Amino acid sequence: MDAADDGQGRGYWRDALFYVTFLYFTIGFSPYVSLSSTYSGSAMAAGSSLLNQFTAIILLFSFVAFMAKEKSFSILFAPRLLIAAIFGWYAFTSLVGEAPMFSLRRLVMCAIICALADGFLQLPRSERHFTTMLAFCVWIILFLCYFGIAALPGRSIHQVSDALEPFLAGNWRGVFNHKNEAASIMSVLIIVGIYLCRRWSFFGGLVVLLLSLIFLVKSGGKTALGLMPIIIGTGWFIVRWPQWRYLVVTLLMVVFTTVVIGTTVDPVFSQMLTKMGIDASFTGRTDIWTIAIDYIHQRPVLGYGYQAFWRSDALLSSSIENNSWAATAPAAHNAYFDLVLAGGVPGLVLVLVWIFLLPLHYLGKMDEATRKSPLTRLYVGVWLYVLLYSFLETILMLSAGFVWFFLIVAVMGLHLQATASLVQDEKRREPARADGEGMMVPKPVSRHP
């Protein structure tokens, strides 16, 4: 095979790996699942899908082989000291927690997801290549979701016959297992649609935005929909005036924290929200948060181990004794409570340094043109959405899930925007590589605050 054929072959390999990875995290192996019967036993009994684990390992080896070929291991698990501290701490709390082997297996899957996300932006040869592949993946997801609504409504729309939540009947979920998952992903696709309007096709991006918005509304994702103006407005503001970024985003986090804890522990605060026309129970979440806060008080430093608390045998037994439905929940419906339950307050602090402080730091290191680029705005939008929506859903430090995967992609993207240049910028400085291949972020360049 000559050099040109070899370069073309590696190009196809990049494309295939990008598509498979993206669709693996969004659609997976079980689209259009019937919810008429659902097993709700303990998490340890339920376990994880062997096929999902096997696929994740295959993808990991594929990414390792790719990065070895490109000599791009430097961005893997960056910053390494912090990532090592995070996974080391959660491994320790898991070892002394409720189900050590179960927690460690799930933690390994979480680390694999982080590795795949770190290498994901190495696959496109340029931003234009990235945009084209991203648009293709988004169109596949939207097509399958709307196809399900039209052709398989019983498996794409929540039904009265659903075993666990018949009151969700009528809410769209598409290829996903739950309307909340559909709402989360459609929210991300709205942000992607805005980016595609700028970098791919205005009309094509607008259609993506509108189709995602319609699906979000039909899924009943009122909270996610309400967050969109806040996310877009805040993202625009901190990109335009980065000197205010720490104050503005921290203020948002404090406000959301106050609302969540206030409605859970203070009846007066709840009554005030109710008078404002806001559901102070957040569709029953406050009952779950009450349990989470009670158990956090018992083990605030070490927690109970990674993903070992909810649906543990002890908690399920407690729910039977106390006749509490909230104790049967699969998660806290609040990512920050779940981080504390898994790794105590130290675990929460470490993760917040990674996903809260570092992205703000990266924004300050970018030059003005890079900071105001549509690509940076895409990463900022996804990052802000996950930060805020995590107050109502568990979407951080997971062993599966597209939103968590794409958050790590966004954080890595901000890191690269601050420390490296896009390939089209490099081509102005040096000749293109002979084989026509390049990387989206080929080499470090100096950035100044």
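Note that this is a predicted model, so its numbers are computed, not measured.
- Put simply, the side chain of R155 never gets that close to the backbone of L152: no donor and acceptor are under 3.5 Å apart.
- Within 6.0 Å of atom CZ in F147, 12 or fewer heavy atoms from other residues, nucleotides or ligands are found, so the atom counts as exposed in its surroundings.
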Take M366 and S373 through the side chain to side chain contact (heavy atoms under 4.5 Å, CB included) test and state the conclusion after the steps. CA-CA 11 Å; M366 298 176 196; S373 69; over 6 Å; no
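- Counting only heavy atoms from C-beta outward, the side chains of I140 and I27 approach each other to under 4.5 Å.
- Annotation for K179: atom NZ counts as buried by contact number, over 12 foreign heavy atoms lying within 6.0 Å.
- Checked options Q53, R105, M109; the residue passing with S399 is M109 (criterion: side chain to side chain contact (heavy atoms under 4.5 Å, CB included)).
- In this structure, R106 contributes its side chain and Y306 its backbone to no donor-acceptor pair below 3.5 Å.
- The two residues Y336 and L387 make their nearest non-hydrogen contact at OH-O, 2.7 Å.
- Here the side chain of Y90 pairs a donor or acceptor atom with the backbone of L339 at under 3.5 angstrom.
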Side chain to side chain contact (heavy atoms under 4.5 Å, CB included) between W310 and L341, intermediate numbers included: CA-CA 9 Å; W310 297 102; L341 288 167; 3.5 Å; yes
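- Distance check, rounded to the nearest 0.5 Å: OG1 of T257 to CG of L252 gives 10.5 Å.
- Closest approach of F18 to C137, counting heavy atoms only: CE2-SG, 4.0 Å.
- Side-chain atoms of Y385 and M228, non-hydrogen and from C-beta on, do get closer than 4.5 Å to each other.
- Atom CD1 of I141 and atom CG of L189 lie 5.5 Å apart (nearest 0.5 Å).
- Nearest heavy atoms, D338 versus A331: OD2-CB, 3.6 Å.
- Side chains of I113 and I408 form no contact here, defined as non-hydrogen atoms less than 4.5 Å apart.
- Between I261 and F269 there is no side-chain heavy-atom pair separated by less than 4.5 Å.
- Taking the six-membered ring for Trp and the full ring otherwise, F92 and W89 have centroids separated by under 6.0 Å.
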Any chance you could lay out the side chain to side chain contact (heavy atoms under 4.5 Å, CB included) test for M397 and W354, step after step, and finish with the verdict? CA-CA 11 Å; M397 286 291 291; W354 179 24; 4.0 Å; yes
Show me the donor-acceptor pairs, under 3.5 Å and distance only, between side chains in residues 196-206 and residues at least two apart or in other chains.
| residue | atom | partner | partner atom | Å |
| --- | --- | --- | --- | --- |
| R199 | NE | E127 | OE2 | 3.1 |
| S201 | OG | G204 | N | 3.0 |

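- Nearest heavy atoms, S219 versus A183: OG-CB, 3.7 Å.
- No donor-acceptor pair closer than 3.5 Å links the side chain of Y295 to the backbone N or O of Y304.
- For an aromatic pair to be called close, the ring centres must be under 6.0 Å apart, and F405 with F120 satisfies this.
- The CG atom of L350 lies 9.5 Å from the CD1 atom of I83; values are rounded to the nearest 0.5 Å.
- More than 12 heavy atoms of other shown residues, nucleotides or ligands fall within 6.0 angstrom of atom NZ in K372.
- Side-chain N/O atoms of T131 and Y195 include a donor and acceptor closer than 3.5 Å.
- Here the CG atom belonging to L104 is positioned 5.0 Å from the CG atom belonging to L95, to the nearest 0.5 angstrom.
- The two atoms that bring I395 and W404 nearest to each other are O-CB, 3.5 Å, heavy atoms only.
- Side-chain contact between L168 and H178 is present, with at least one heavy-atom pair separated by less than 4.5 Å.
- Two residues are said to be in side-chain contact when any heavy atoms from C-beta on lie closer than 4.5 Å; Y379 and M412 fail this criterion.
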Hey, mind stepping through S187 and Y389 against side chain to side chain contact (heavy atoms under 4.5 Å, CB included) and telling me if it holds? CA-CA 10 Å; S187 299; Y389 198 57; over 6 Å; no
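- The CZ atom of F25 lies 11.5 Å from the CD1 atom of I185; values are rounded to the nearest 0.5 Å.
- Side-chain atoms of Y24 come within 3.5 Å of backbone N or O of N52 as a donor-acceptor pair.
- For the side chain to side chain contact (heavy atoms under 4.5 Å, CB included) with W383, the qualifying choice from V409, V249, I231 is V249, the only one to do so.
- Within 6.0 Å of CZ on F136 lie no more than 12 heavy atoms contributed by other residues, nucleotides or ligands.
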Using distance only, find each side-chain donor-acceptor pair of residues 238-245 under 3.5 Å and give its atom names and separation, not counting sequence neighbours.
| residue | atom | partner | partner atom | Å |
| --- | --- | --- | --- | --- |
| R245 | NE | L360 | O | 2.5 |
| R245 | NH1 | P242 | O | 2.8 |

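- Atom CG of residue L384 and atom CD1 of residue I232 lie 11.0 Å apart, to the nearest 0.5 angstrom.
- Nearest heavy atoms, S30 versus V33: O-CG2, 2.9 Å.
- Considering only heavy atoms from C-beta on, L227 comes within 4.5 Å of F256 through its side chain.
- Side chain of S103 to main chain of P100: no donor-acceptor pair is present (N/O by atom type, distance under 3.5 Å, no hydrogens or angles).
- Side-chain N or O atoms of R173 include none that pairs as donor or acceptor with a backbone N or O of N180 at under 3.5 Å.
- Between the side chain of S156 and the backbone N or O of P153 there is no donor-acceptor pair closer than 3.5 Å.
- Between the side chain of Y146 and the backbone N or O of L211, at least one donor-acceptor pair lies under 3.5 Å.
- Distance alone, capped at 3.5 Å, places no donor-acceptor pair between the N334 side chain and the L392 backbone.
- Looking only at side-chain heavy atoms (C-beta outward), Q417 and L375 come within less than 4.5 Å of each other.
- Two rings, from F22 and F402, have their centers less than 6.0 Å apart.
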